[in-house]
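Report on one structure; see the data block that follows.
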Amino acid sequence: MDEFFISKELEKHFSADPSAVFDRIFSLEGENYRLVKARRTFRFELDGKGYFAKVHRGIGWKEILKEIFQFKLPVLGAENEYKAIRKLEEIGVPTMRCAAYGKRGNNPAKQHSFLVTDELKGMFSLEEFTDDSSFSPIRNKIYDVLADELGKMHSAGVNHRDCYICHFMLDPELACYGNIQLHVIDLHRARIRDKVPHRYLVKDLAGILFSSFHIKPTREEWMRFAQIYSKHLPHLSPEVNPSFWNKVTRTAIKLYKKEFKKLPVFE
């Protein structure tokens, strides 16, 4: 076993032996959320508590070479997401709680791995919550938190690479009482570096704006978002670097036009 972790809670149901845990998780039954050739994401329960598992069976040399020839870093398994969760915990950004993780195999094309996280019970994605009537009164507070958390991530060298509001979860009941935390999920493609490259900052931020166009954000709201975000990266403040935010906005509009064949409402 190359790498292995299991929480005390899960160890009671499984085993402390890495090989036994690995085999058990790969054979678990549950509700499938994603099922492709090399990866399965599913939900299961133990003693009434919900968990999500992702198991990876090796993407093969064909897929690895395809990614490399497209100048992309291949995602081989669960390691990316596990390391991203640990990094977000370190910098104080709410995310999923890791319950178990394992990786084995030296051949990158055949490497097997898994990640088990606690279910974020009672939470909704920010995308779902924007359609709720209780969203409007706390709209500004939610996007202030979103800007702050994303600024923390980027300043710590983490970029999501699937950065849309559907990948930020919150508890709607707590949010309505002013206790707003956004838990970052789906970190399968996340990257950790000393410094996030400029183009990936643009992509992550454009993804947030693109996925928010359905609530018709105003330019004033977006500039407020930029101000809060750039407290963590002062060189990107809209006063110091307006061209950066213009590029983010243009990229988001381009994404929307490509997806919906029309221009978004951006007041």
Side-chain angles (χ1 to χ4, degrees), residues 1-58 75-105 111-129 132 134 145 149 160 162 165-190:
M1 183 71 63
D2 298 330
E3 294 181 24
F4 179 74
F5 162 80
I6 187 166
S7 67
K8 293 294 183 183
E9 186 177 35
L10 272 195
E11 189 177 298
K12 292 185 295 185
H13 295 283
F14 291 85
S15 163
D17 176 59
S19 294
V21 174
F22 209 106
D23 294 339
R24 172 87 183 278
I25 288 175
F26 266 63
S27 64
L28 278 173
E29 296 295 327
E31 180 184 359
N32 288 328
Y33 278 72
R34 183 172 177 81
L35 184 61
V36 293
K37 183 178 179 180
R39 177 162 49 105
R40 177 187 173 216
T41 302
F42 62 97
R43 181 187 180 278
F44 67 95
E45 288 190 6
L46 290 172
D47 288 344
K49 180 175 178 178
Y51 297 89
F52 277 88
K54 290 184 181 180
V55 297
H56 301 255
R57 298 181 182 276
V75 177
L76 302 178
E79 183 178 12
N80 258 31
E81 193 153 20
Y82 176 70
K83 287 184 174 179
I85 288 172
R86 292 306 190 207
K87 184 66 175 180
L88 294 191
E89 290 175 341
E90 178 187 317
I91 64 176
V93 173
T95 183
M96 303 164 285
R97 178 181 172 272
C98 182
Y101 163 71
K103 182 183 79 169
R104 66 183 179 188
Q111 184 186 96
H112 284 196
S113 60
F114 68 82
L115 175 71
V116 179
T117 57
D118 290 359
E119 180 181 31
L120 294 172
K121 191 174 181 180
M123 295 194 188
F124 292 85
S125 77
L126 186 50
E127 182 178 53
E128 293 173 300
F129 191 60
D132 192 278
S134 55
V145 173
E149 290 187 6
H160 194 289
D162 264 328
I165 63 171
C166 62
H167 293 149
F168 291 81
M169 307 288 288
L170 83 164
D171 184 322
E173 290 189 15
L174 291 178
C176 290
Y177 286 102
N179 185 1
I180 299 168
Q181 284 189 336
L182 297 174
H183 291 70
V184 188
I185 66 167
D186 206 354
L187 292 156
H188 171 66
R189 299 179 64 230

Inset, instruction - Give me the one residue out of Val184, Thr95, Val93 that meets side chain to side chain contact (heavy atoms under 4.5 Å, CB included) with Ile85. - result: Thr95
Legend entry - Side chains of Met169 and Asp186 in contact at under 4.5 Å (non-hydrogen atoms): no
Measuring from [X]:[atom1] to [Y]:[atom2], what's the distance to the nearest 0.5 Å?
{"X": "Cys166", "Y": "Phe124", "atom1": "SG", "atom2": "CZ", "result": "15.0 Å"}
{"X": "Glu3", "Y": "Glu79", "atom1": "CD", "atom2": "CD", "result": "5.0 Å"}
{"X": "Gln181", "Y": "Asp171", "atom1": "CD", "atom2": "CG", "result": "9.5 Å"}
{"X": "Glu90", "Y": "Leu88", "atom1": "CD", "atom2": "CG", "result": "9.5 Å"}
{"X": "Cys98", "Y": "Leu10", "atom1": "SG", "atom2": "CG", "result": "9.0 Å"}
{"X": "Ile6", "Y": "Phe14", "atom1": "CD1", "atom2": "CZ", "result": "6.5 Å"}

Inset, instruction - Could you list the residues that satisfy ring pair (Phe, Tyr, Trp, His ring centres under 6.0 Å) with Tyr51, not counting sequence neighbours? - result: Phe44
Inset, instruction - For the pair Phe52 and Tyr33, name the ring-plane relationship: parallel under 30°, tilted 30 to 60°, perpendicular over 60°. - result: perpendicular
Inset, instruction - Look at the rings of Phe114 and Phe4 and say which category their plane angle falls in: under 30° parallel, 30 to 60° tilted, over 60° perpendicular. - result: perpendicular
Inset, instruction - Could you tell me whether Glu173 atom CD has more than 12 heavy atoms of other residues or ligands within 6.0 Å of it? - result: no
Considering non-hydrogen atoms only, spot the tightest contact between [X] and [Y] and give its length.
{"X": "Gln111", "Y": "Arg104", "answer": "CG-O, 3.6 Å"}
{"X": "His183", "Y": "Met123", "answer": "CE1-CE, 3.5 Å"}
{"X": "Lys103", "Y": "Phe22", "answer": "N-CE1, 4.0 Å"}

Inset, instruction - Measure from NZ or CZ of Arg86 to the centre of the six-membered ring of Phe5, then state whether that distance is under 6.0 Å and the direction lies within 45° of the axis. - result: yes
Legend entry - Any donor-acceptor N or O pair under 3.5 Å, side chains Arg189, Asn80: no
Inset, instruction - Determine the sole option in Glu31, Glu119, Glu29 for which the salt bridge (charged side-chain N to carboxylate O under 4.0 Å, His left out) test with Arg43 is passed. - result: Glu119
Inset, instruction - Answer yes if the ring centres of His188 and His56 are under 6.0 angstrom apart, and no otherwise. - result: yes
